[in-house]
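A short write-up of the structure that comes next.
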Amino acid sequence: MVGLDLGSTKLAVAVGEVNPDHSLTVLALSHIDSSGMRRGNVIDIESSARAIDELLDGVERIAGTHITSARVGFSGTSVSTVTNRATIAVTNPHHEINSDDINRAIQAAQMIPVSLDRSVVHIIPRQFIVDGYEGVVDPLGMMGSRLEVEVIIVTAMTSALQNMVKTVSRTGTKVKEIVLSSLQAAEAVLLPAEKEMGVALIDIGGGTSDIAVFDQGSLVFASVLPIGGDYITRDLAVGLRTTIDEARRIKENFGYANVNLAPDGKVVEISSIYGKDSRQVSEKTIASIIQPRVEELLELLALELRRTGYGGVLPAGIVLTGGTSLLKGIIPIGEEYLNMPMRIGFPENVGYGINQQYGPEYAAVLGNLLYGARLVNNLAGEQQDRLMGGFLSKISHWFKELFS
Ligand SMILES: Nc1ncnc2c1ncn2[C@@H]1O[C@H](COP(=O)(O)OP(=O)(O)OP(=O)(O)O)[C@@H](O)[C@H]1O
Ligand SMILES: [Mg+2]
């Protein structure tokens, strides 16, 4: 199994295999600097494809396998979600609900007006209602005459999806499936109890902040904001009159999200734009440039959560992942702005002790493998092959979700 995460900062790939006991072994994980990507979207197919090619060549050597297909994570500001419900009559004369009834209910529920330039990426059943009884997780085999389903539908711009597929295909690699990036990250970092209680996963990368809210065990909302750690880096470069690369190094090594946390009297050597001479700047000064940008970012996240009705009300709080979750002091200031408990999400669900090795910036790519492993574990091979087909088809994805 191969997972690809095409981020704005780095392109990452993970290779894994599902063991006979259903556990996952990560065989290789590799990344290179991103190219041709901006805010989760491909903006230069040629240069992205070249970088992916190089990335895959490298990981093929490490894993000792030839990669022919990959499951690809998808992000970008065009991602949005909508919930819908539909009811069907159970046709079986004995009123025992079969998979055909479930199919029909879900197909009816996906009949929403999606504009012509958008495609459905996932249709995820949240709950079934059998003869008025709410909260049924799997109605197969239950007795009833009316089957209702509530689904969450994830859509994105068709062109953005097509460009991603085109880019990966250009390297001779088949796109097995496209999966919402934050759904994958959730696989790697969230606990089932958190999803049950109500939790928001926020993956703050370089160019985007991906939000996924879970409640009663399933996804209830997802969106992507066009802002991430690079916003902080750019402002730091201007403020310190240095290069983007140097600003990023300074941010990652000496940056604090809050001026009050930066130690007094400590100074950092910063090279100038021309790289010839260097200056000394205090860590307090560096933090004073970073903090306002962090506050703006958190303000936008708080606004987005309030807009959807989940601001301040999720019992399991926020799990922060992605590279920017490593910014020193981001948790306390994040808790203050989002008004909920917060923790950093390391990809601990992957197991095999690799959580010691890999940071939160690999949550999405490692979660990609876990997502794939769950499908392998839950579907018979033949059925899975059939369903893995047209990823852009409007009826394929719910089925995988349904049995996961
Ligand atoms: N120790 C650190 N402290 C602060 N910021 C960090 C640290 N390590 C990485 N970052 C920042 O995290 C960002 C990259 O995160 P990540 O690798 O998750 O992004 P990405 O997945 O490539 O991008 P995106 O998901 O936005 O498309 C960069 O802005 C980087 O500077
Ligand atoms: Mg990312």
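All ligand and atom numbering here is 1-based and tracks the order in the structure.
Under 4.0 Å is where a charged nitrogen must lie from a carboxylate oxygen, and between R146 and D131 no such pair does. No salt bridge links E361 with K10; every basic N to acidic carboxylate O contact stays at or beyond 4.0 Å.
Of all atoms in ligand 1, listed by their number and element, those nearer than 4.0 Å to a heavy atom of S8 are 20 (P), 22 (O), 23 (O), 24 (P), 26 (O), 27 (O). Residue L327 approaches ligand 1 through these ligand atoms, each under 4.0 Å from one of its heavy atoms: 3 (N), 4 (C). The distance from ligand 1 to the heavy atoms of G7 drops below 4.0 Å at these ligand atoms: 20 (P), 21 (O), 22 (O), 23 (O), 27 (O). Residue-ligand proximity, R248 to ligand 1, at heavy-atom distances under 4.0 Å covers atoms 30 (C), 31 (O). Near G322, with a cut-off below 4.0 Å to any heavy atom, the atoms of ligand 1 are 18 (O).
Between the side chains of D44 and S48, not a single donor N or O lies within less than 3.5 Å of an accepting N or O.
Protein heavy atom nearest atom 5 (N) of ligand 1, with residue, atom name and distance: K251 CE, 3.6 Å. Nearest non-hydrogen protein atom to atom 17 (O) of ligand 1 is K10 NZ, 2.9 Å. In terms of protein heavy atoms, atom 25 (O) of ligand 1 is closest to T208 OG1, 3.7 Å.
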### Task
Would you please test T158 and S119 for side chain to side chain donor-acceptor pair (under 3.5 Å) and show each step?
CA-CA 5 Å; T158 306; S119 292; 2.8 Å; yes

### Message
Let's go through T233 and K251 carefully: what are the C-alpha distance in whole Å and the side-chain angles of both, what is the deciding distance for side chain to side chain donor-acceptor pair (under 3.5 Å) to 0.1 Å, and is it a yes or a no?
### Response
CA-CA 7 Å; T233 305; K251 177 188 76 172; 3.0 Å; yes

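The only option from L55, D53, L4 that meets the side chain to side chain contact (heavy atoms under 4.5 Å, CB included) definition with T171 turns out to be D53.
With distances taken over non-hydrogen atoms, the option nearest atom 28 (C) of ligand 1 out of I290, N253, D230 is D230.
Residue G323 has at least one nitrogen or oxygen atom sitting less than 3.5 Å from a nitrogen or oxygen atom of ligand 1, judged on distance alone. In terms of polar-atom proximity, defined here as any N/O pair under 3.5 Å, T9 does make such a contact with ligand 1. Checking only distances, E252 does come within under 3.5 Å of ligand 1, N or O to N or O. Residue-to-ligand polar distances place G206 within reach of ligand 1: an N/O pair is separated by less than 3.5 Å.
A donor-acceptor pair under 3.5 Å is formed between the side chain of T324 and the backbone N or O of G205. Checking side-chain atoms of K284 against main-chain N and O of V259 turns up a donor-acceptor pair under 3.5 Å. A donor-acceptor pair under 3.5 Å is formed between the side chain of S325 and the backbone N or O of G322.
Distances shorter than 4.0 angstrom occur between a heavy atom of G207 and an atom of ligand 1.
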